[in-house]
Number of protein chains: 2
Amino acid sequence: MRRESTQRATGLAKAKQNLKWQRDPEGMRLRILEAAKQEFSAHGLAGARVDRIAAKAGANKRMLYYHVGNKDELYLAVLEGAYDKIRSEERGLDLEHLDPPEAIRRLIEFTWNYFLRNPEFLSLLQTENLARAKHLKRSTKVKSMHSPFVEMIRTVVRRGVDSGDFQVAVDPVQLYISIAALSFFYLSNSATLSVIFGRDLLAKDAKDERLAHMVGLVVAALTGRSAALFEIAKAPKSRAAVAQTV
Amino acid sequence: MRRESTQRATGLAKAKQNLKWQRDPEGMRLRILEAAKQEFSAHGLAGARVDRIAAKAGANKRMLYYHVGNKDELYLAVLEGAYDKIRSEERGLDLEHLDPPEAIRRLIEFTWNYFLRNPEFLSLLQTENLARAKHLKRSTKVKSMHSPFVEMIRTVVRRGVDSGDFQVAVDPVQLYISIAALSFFYLSNSATLSVIFGRDLLAKDAKDERLAHMVGLVVAALTGRSAALFEIAKAPKSRAAVAQTV
DNA sequence: ACAGTATTTATCCAACGGGTTAATTACTCC
DNA sequence: GGAGTAATTAACCCGTTGGATAAATACTGT
């Protein structure tokens, strides 16, 4: 019954009988990781329940240990997968061929939309940081995938300075952290912020407003032309300016 | 033994004999909340252990329930205390009497230094957001303490626009969220960011650099004069520019 | 068709963790 | 100095939870 929903990962897909049940190790592993992602992001590391993960994956608890490992290893696997996904999508942004201010806007919009589309990513990072990156430090995969990304941003900044669009050569790492921060904090803390400020920060209009604000802030700072950009920000009626990036 | 360290809250302080032990309900409550703050911020909500809190407070587990309540109530009490503390310090910032750009710089520096001095505050907020503000929503105290704060910022922005220092009248809530975001994300995620970017973001120089970057970014965006500010940012040798705000 | 292996299930358990109960001790006020 | 109350302690309860064991079942190559 449960096997009907998961395609066999092996292309051969024999479409066998399922008199009782079929085996599906690859599919099982994926379902476990997906279930674990949901569980860890919903309840944190300590709050996550191994049994719930198993149930959600339509599996037996023993399967987790068989296919991945104990709770911590499972968590690290999920985390690595999450980083892999965002960095690989970023690689497709193609910032090299845009003029610098547009490239920055694009990066901000992508980051914002990615975080919106993948709220579990935010939770996972929060959880990992509460654990002071204990797990991530043991990962070799993750460290390697970031220098190309930084170089991509560095190039944009340099091009912007050369063309006269940008007034300063900011450190690409600082810039990216700031861009990520503006989206990340707003979204990851939207629950408490909504309470203390008495606004629903996740309402459609509020989100549009936020994106416009962030783009205005960063691009204005880099180019020195604040007024024009922020004015756009004040009347974000047109959905075009807020289009999905991916 | 343990009572020697805590002054009696009742001014009368009889300096009695401590043949065995004295009572100290107020002190006990404070010690419990302090211990709970540490425990919750170090391990999150689910990861926190009631027994450890008791031990750390030099108390019996039963005391927590007697003086505060169950784990959730304890957590909410800690959270409310944390909000109370930062908002009350902010009230002393006296932004009204500074010229607008300086006031913004001051707010950024305060926020940054406060987060640096109170890392548990960051953890607590992260934890609460992972719980989708479930506890905070039940709190009546917290909601009320924020509108004055927003008005304070609104006034600064308005003055800045009137004086011509600022080129745009940004929404004070957006502005504050952005200011908080730039510091919060950097610090709360410093563990994972340090790993993926291969830099120690908490090293002294890195922190100075970050503060300069944030001030440059925000003030430049508001005033439209990026170059000057960011140039300062690139040579933050003088500690004066990075002085403690509180 | 059969032996061997990979995958999955059905149980079990010891430690843990939040919370409670009941007894004990310090303090207050008369 | 003693009754009544507030604060504190010690011990226990019981559902939960991560993890382990061993048996069963599907699959593979021969």
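Small disclaimer: the values here were computed from a predicted structure and weren't measured.
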To the nearest angstrom, how far is [X] atom [atom1] from [N] atom [atom2]?
X: B/Tyr66; N: C/dA22; atom1: OH; atom2: C1'; result: 15 Å
X: B/Arg29; N: D/dT8; atom1: CZ; atom2: P; result: 13 Å
X: B/His43; N: C/dG18; atom1: NE2; atom2: P; result: 12 Å
X: B/Ile32; N: D/dT8; atom1: CD1; atom2: C1'; result: 11 Å
X: B/Arg49; N: C/dA15; atom1: CZ; atom2: P; result: 17 Å
X: B/Arg62; N: C/dA23; atom1: CZ; atom2: P; result: 14 Å
X: B/Met63; N: D/dT9; atom1: CE; atom2: P; result: 6 Å
X: B/Tyr75; N: C/dG17; atom1: OH; atom2: P; result: 19 Å

Taking only the side-chain heavy atoms of [X] (C-beta and beyond), determine which of [options] contains the nearest atom.
X: B/Lys71; options: D/dG18, D/dT8, C/dG18; result: C/dG18
X: A/Lys61; options: D/dG19, D/dT8, C/dG17; result: D/dG19
X: B/Val50; options: C/dG18, C/dT9, D/dA7; result: C/dG18
X: A/Asp51; options: C/dT9, D/dT17, C/dG17; result: D/dT17
X: A/Asn60; options: C/dG18, D/dT8, C/dA10; result: C/dA10

Exercise. Could you check A/His67 against B/Gly69 and say which one's nearest nucleotide on DNA chain C is further toward the 5' end?
Key: A/His67
salt_bridge([X], [Y]) N-O dist < 4.0 Å:
X: B/Glu34; Y: B/Lys37; result: yes
X: A/Glu39; Y: A/Lys56; result: yes
X: B/Arg210; Y: B/Asp205; result: no

Exercise. Select base, sugar-phosphate, or nothing to describe what B/Ala48 touches, counting heavy atoms under 4.0 Å on all strands.
Key: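 Contact class for B/Ala48: sugar-phosphate only.
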Self-check item: Ring geometry between A/Phe184 and B/Phe185 (parallel below 30°, tilted from 30 to 60°, perpendicular above 60°)
Solution: tilted
Quiz item: Would you say the ring centroid of B/Tyr176 lies under 6.0 angstrom from that of B/Phe149?
Solution: yes
